[in-house]
There are 2 protein chains.
Amino acid sequence: MANPRSRTRPAHTAGVTLQQVARQAGVSLATASRVLHGSGARTVGEELRRRVEAAAEELRYVSNAPAQALARATSNVVGLIVHDVADPYFGAIAAGAMRAAREQRLMVMIAATFREPGLELEYLRSLRAQRARAVILAGSGTTDTEATERLAEEIAGFEADGGRVVCIGDRGPDLDTVAMANRSGGGQAVRGLWELGHRRIGVVAGPSELLTVRHRLDGARRALRGLGAPAAPDAVETGDFTREGGRAAAVRLLRARPDLTAVLVLNDVMAAGALAGLRDDLGLAVPDRVSVVGFDDVPFAADLRPALTTVRLPLEAAGEEAVRLLLDPSGDEPRRVDLPAELVLRGSTAPAAG
Amino acid sequence: MANPRSRTRPAHTAGVTLQQVARQAGVSLATASRVLHGSGARTVGEELRRRVEAAAEELRYVSNAPAQALARATSNVVGLIVHDVADPYFGAIAAGAMRAAREQRLMVMIAATFREPGLELEYLRSLRAQRARAVILAGSGTTDTEATERLAEEIAGFEADGGRVVCIGDRGPDLDTVAMANRSGGGQAVRGLWELGHRRIGVVAGPSELLTVRHRLDGARRALRGLGAPAAPDAVETGDFTREGGRAAAVRLLRARPDLTAVLVLNDVMAAGALAGLRDDLGLAVPDRVSVVGFDDVPFAADLRPALTTVRLPLEAAGEEAVRLLLDPSGDEPRRVDLPAELVLRGSTAPAAG
DNA sequence: AAACGCCTGGAAAGCGCTTTCCATCGCCTC
DNA sequence: GAGGCGATGGAAAGCGCTTTCCAGGCGTTT
C-alpha cells in the first residue's frame, strides 16, 4: 500500500490532491478545503467533517504549501540571513529564532552569506522570490553606504510586496530592530577593567566597516575617555572576525604596545584566538601579565582556560524577539526592542599588577 | 516610484507579475516566461528577449517561487533537519550543507528538533508539504523501533512524492547515506590511549538510544576486547548530549571507578563538561592523573585547556556530500559515502603514569 | 402564513507561472 | 517550384488550492 514504485519516478506523478480527498469523501473541493485548512471562519457540518478527515487520513493526504501560498498570497515561511551558521554567535541567535518559529508554526529558510557582502542582497532577493512572509537580517550592518543603500532598496521592495523585515542590530531608523547593547557592553568591559586597576587598555577589534564593531569600540572609547584614561594614542588592532584574526591582531597589539596590561577583544571567537596568541606566540601569562575580556559570551567562553571574562549578550533572546516582532501586526511605526549587555567576570581578568 | 504605501498593506495588493512584464514588453506570457525563467529548451529572438529583459528590469519584477513550484511540480528548496543549530556539531554540518547549496542555487529550509524525537517526523512532514525537493536528516537515528518505522513510512511517502532523502549517519540500508566512521573513530581513540600505556579506560557516552553513540561505543569496546583489555566490567556512564550531561557523567564515572587512568568522551561538547567536572568537582588533573579524549573535533576543542585530544570527523564535508548526493540523479540503487575519522592528539592525553 | 435572516454546501473564478500544442515564416532540398 | 523542416511566437490548459458568491433549507419574527 502506498508503495513507492521507483525512486526516480517523475515528480508530477505524485501527490494526493485535495480534489481527490473531496471526491473520496463525496463532498466539494470547497468543503474539503474548509475542513482541512479552514481558518475557522466557516463551519462545516459534523458528518461531512468526519468524512473529509477520514478520506484525508486514508489517502495520506499532505497539503501542498506552495499551492496554498499562491492561493492565499502569503506563506508561513520566514527567512533568516546570517553570516555564518557555524559561528556560535549566529548559532545562538538561530536557535532562539527557531524555537520561536516552532511555537508559531513557521518554517525558517536560512541563508549564510559567509561574510560576502553581496550575498546578503542576493539572498534577500531570493527570499523575496520565495514570498517569505518575513525575514530576519541577523548579520551586522556595515558602513559601506552604497551596499547599505542597495539593501535598503531591496528591503523597501520586500515590504512593498507585503513582507516584513527585522534587523538584529541597527541598520536604519525606519526598520524594525532588535538591538543589543553593544555600546553599553563596550563601556562595561572597560569600566570592569578600570576597577581592577588597569589603566593601559588595548582593544582587538573586528573589521571596522561592521557597525557592531563600531558600536562596541565606540562604547569602549567613550568609557575610557569618561574615566580620564591617559591620553595615549588609541591602542586598537583590527582583524578578521575569526579565531585566527583575533590571534594575529592580539599578537600585533601586544608587540606594538608591550605596556598594555589589559585587552578587550570585541568577540569571543577572536578572544579564543587572542588567548592562544598571547600564551603560545608571546608567552604572556593571562591574567597575570595581561587581562583579557571577550564579547558575546558564547557557550564555550566559560570553558576556555583561563575562563573568559566577557560581555554577555542575550543572543537566543534576540532571535526569539526578532520572530516575535515579525508576527506582531505593527502599525506604521517601526518597532524596536533593546536587549541589555552584562559583564561576566571570570578567570581571564585579574587586578592590575603593582 | 515603487513607493511602499503602508507597511500593513494587504499582501495581495503586491507584486509585479510576469503577465505585467509581458504586457509592458508587448509579448505573450509564454515568451516572457521563456526569457526570464527559460530552461534553455527554447530560444527567443534577440529583439523580444531584449524587450522582456528591459521590462522586467524597469518594473522590478521578482519571480514568484511558489507559483513556479506549483507549475513545475518541483522546487529548489531542500530541507535540513538537525537536533540543535547551536550545537557546533550541527553548526559545522549545516555550514557545509549551505556552502554546497549555494553552489547549486538551492535554498535551505532548516528545522531543529531540539532533540524531541517526535519533532523530526513532524518537520519531515512539513517539508513534504513544502514540496521540498529533498531533505537531509542530519541527526542521529535511534534504536526506538516504533519511531524509526514511522519515520521510514514518512520517508517512503516523501520519496513517493518525488523527493529525495539523505541521511547523515546510518538509518537504514535502502536510504542514501553519508556515513562517518564512528566505529573506527571509537577504535582509534582506544588504541591511541592504549599506546600511551592506558589499560583502565572508561567511557562517557551520550543517550544510549542514539545510533551514533552506539556505534562509537561499539568501536571502542571492540578495540578494547581486541587489545585484550582486562575483563573488568565495562566502565561506561551515560549522560545527556550536553556540556552538563558530560560533566555529571564524568564525575559519576570517576567516583565509581577511581582506578581509571583515561576516559573517552563520545562527544566534544560533553568532553568540555567532563574536563570541567574532573578539574573542579573532583580535583583530578588532566592529563596527569587521567587522560581525556573527545569526539568530533569541533572548532573549540583545540582551545580548551588542556587542548582536547579528539577524534576528528569531517563535519563540513559531510554536509557538502549530503547536498551533492541529493542532486545526483541516482538510479534505484541507494548511494553511500563513507567519510573517515582521525585521532588528533593534543594536550588532554599523556602517557599513563607508572 | 409570509418574510426574513442564518447556516451549510457547492460552483467557479482566480493566484502566477510552465508547457504543450498550433500557427507562421523563412529557407533548404530535390 | 512544391514539399519539408527548424526556428520562433502565442493561445490556452492546467498545477493545487482559497474564497467569493449563490442557492437552499430552516428556524424566527410579526
Side-chain angles (χ1 to χ4, degrees), chain A residues 10-52 55-56 59-76 128-131 133 161-162, chain B residues 10-52 55-56 59-76 128-131 133 161-162:
Chain A
H12 46 273
T13 304
V16 176
T17 71
L18 229 208
Q19 184 63 262
Q20 293 174 39
V21 172
R23 188 149 38 226
Q24 163 113 358
V27 303
S28 76
L29 182 53
T31 299
S33 173
R34 294 200 263 249
V35 171
L36 263 14
H37 313 297
S39 50
R42 279 285 296 257
T43 54
V44 171
E46 189 51 38
E47 161 66 6
L48 294 198
R49 153 163 261 112
R50 262 199 337 83
R51 265 158 52 193
V52 170
L59 296 176
R60 305 229 170 292
Y61 172 70
V62 176
S63 60
N64 184 321
Q68 292 188 72
L70 182 56
R72 291 194 176 129
T74 174
S75 74
N76 66 335
R128 188 174 166 192
Q130 295 293 336
R131 294 298 190 269
R133 180 185 177 130
D161 280 5
Chain B
H12 47 272
T13 304
V16 176
T17 71
L18 230 207
Q19 183 64 262
Q20 295 174 38
V21 173
R23 188 150 36 224
Q24 163 115 353
V27 303
S28 75
L29 181 55
T31 299
S33 172
R34 293 199 265 250
V35 171
L36 263 14
H37 315 296
S39 50
R42 278 285 296 259
T43 54
V44 172
E46 190 51 37
E47 162 65 5
L48 295 196
R49 151 164 263 111
R50 260 197 341 81
R51 266 159 48 195
V52 170
L59 297 176
R60 305 228 171 291
Y61 172 71
V62 176
S63 61
N64 184 320
Q68 291 188 75
L70 181 57
R72 290 193 175 131
T74 175
S75 74
N76 67 333
R128 188 174 166 191
Q130 295 292 339
R131 293 301 188 266
R133 181 183 176 134
D161 281 4

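When reading the values below, keep in mind they use all heavy atoms of this one structure, side chains included, and skip hydrogens, waters and symmetry mates. Each chain gets a letter, A, B and so on, in the order the sequences are listed, and its residues count up from 1. Fair warning: this is a prediction, and the values are worked out from it, not measured in the lab.
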Double-helix bend of the helix from C/dA1-D/dT30 to C/dC30-D/dG1, axes at both ends from 5 pairs, round to 10°, gives 40°
Scan nucleotides 20-26 of chain C nucleotide by nucleotide, 5' to 3', and note B when protein non-hydrogen atoms come under 4.0 Å of the base, S if they reach only the sugar-phosphate, - if neither. BB-----
Rounded to whole Å, CZ of B/Arg131 lies from C1' of D/dC17 at a distance of 11 Å
Minimum-distance pair of heavy atoms, taken over all atoms of A/Leu59 and A/Val21: CD1-CA, 3.9 Å
With a 4.5 Å heavy-atom cut-off, do B/Val27 and B/Glu47 have their side chains touching? no
If you pin A/Ala71 and B/Leu29 to their nearest nucleotides in DNA chain D, which one's is more 5'? B/Leu29
One should read off an interatomic distance between B/Tyr61 OH and B/Gln24 CD, to the nearest 0.5 angstrom, of 14.0 Å
Check the phosphate of C/dG16 against B/Thr17, side-chain N and O only, distance under 4.0 Å to OP1 or OP2. Yes or no? no
I need the B/Arg42 CZ to B/Thr31 OG1 distance, nearest 0.5 Å. 8.0 Å
N/O donor-acceptor pair under 3.5 Å between A/Arg72 side chain and A/Ala67 backbone: no
Give the rounded distance in Å between these two atoms: CG of A/Leu36 and C1' of D/dG16. 13 Å
As an exercise, state the distance from CZ of B/Arg133 to OG of B/Ser75, rounded to the nearest 0.5 Å. 7.5 Å
Considering just the side-chain nitrogens and oxygens of B/Thr31, establish if one lies under 4.0 Å of OP1 or OP2 belonging to D/dG10. yes
Give the rounded distance in Å between these two atoms: CG of A/Leu18 and C1' of C/dG10. 14 Å
Just wondering, do A/Arg50 and A/Val44 contact through their side chains at under 4.5 Å, heavy atoms? no
Rounding to an integer number of Å, can you tell me how far B/Asn76 CG sits from C/dT18 P? 12 Å
A/Arg60 and A/Val16, any side-chain heavy atoms less than 4.5 Å apart: no
Treating A/Arg51 as the side-chain partner and A/Ala25 as the backbone partner, does any N or O pair qualify as donor plus acceptor under 3.5 Å? yes
Go through C/dT18, D/dC17, D/dG16 for me and flag the one nearest to the B/Leu70 side chain. D/dG16
In Å, rounded to the nearest 0.5 Å, how long is the span from CG of A/Leu18 to OG of A/Ser33? 6.0 Å
Residues from residues 43-52 of chain B sitting under 4.0 Å of DNA chain D, heavy atoms only? B/Thr43, B/Val44, B/Gly45, B/Leu48
So, OP1 or OP2 of C/dA11: does either fall under 4.0 Å of a side-chain N or O from A/Ser28? no
Would you find a donor on one side and an acceptor on the other, under 3.5 Å apart, between the side chain of B/Ser63 and the backbone of A/Ala129? no
Nearest-Å distance, CD (B/Gln19) to P (C/dT18)? 12 Å
Report the distance from atom CG of A/Asn64 to atom P of C/dC15, rounded to the nearest whole Å. 18 Å
Approximate separation, where rounding is to 0.5 Å, of A/His37 NE2 and A/Asn64 CG: 9.0 Å
Integer-rounded Å distance: D/dG16 P and A/Gln68 CD: 13 Å
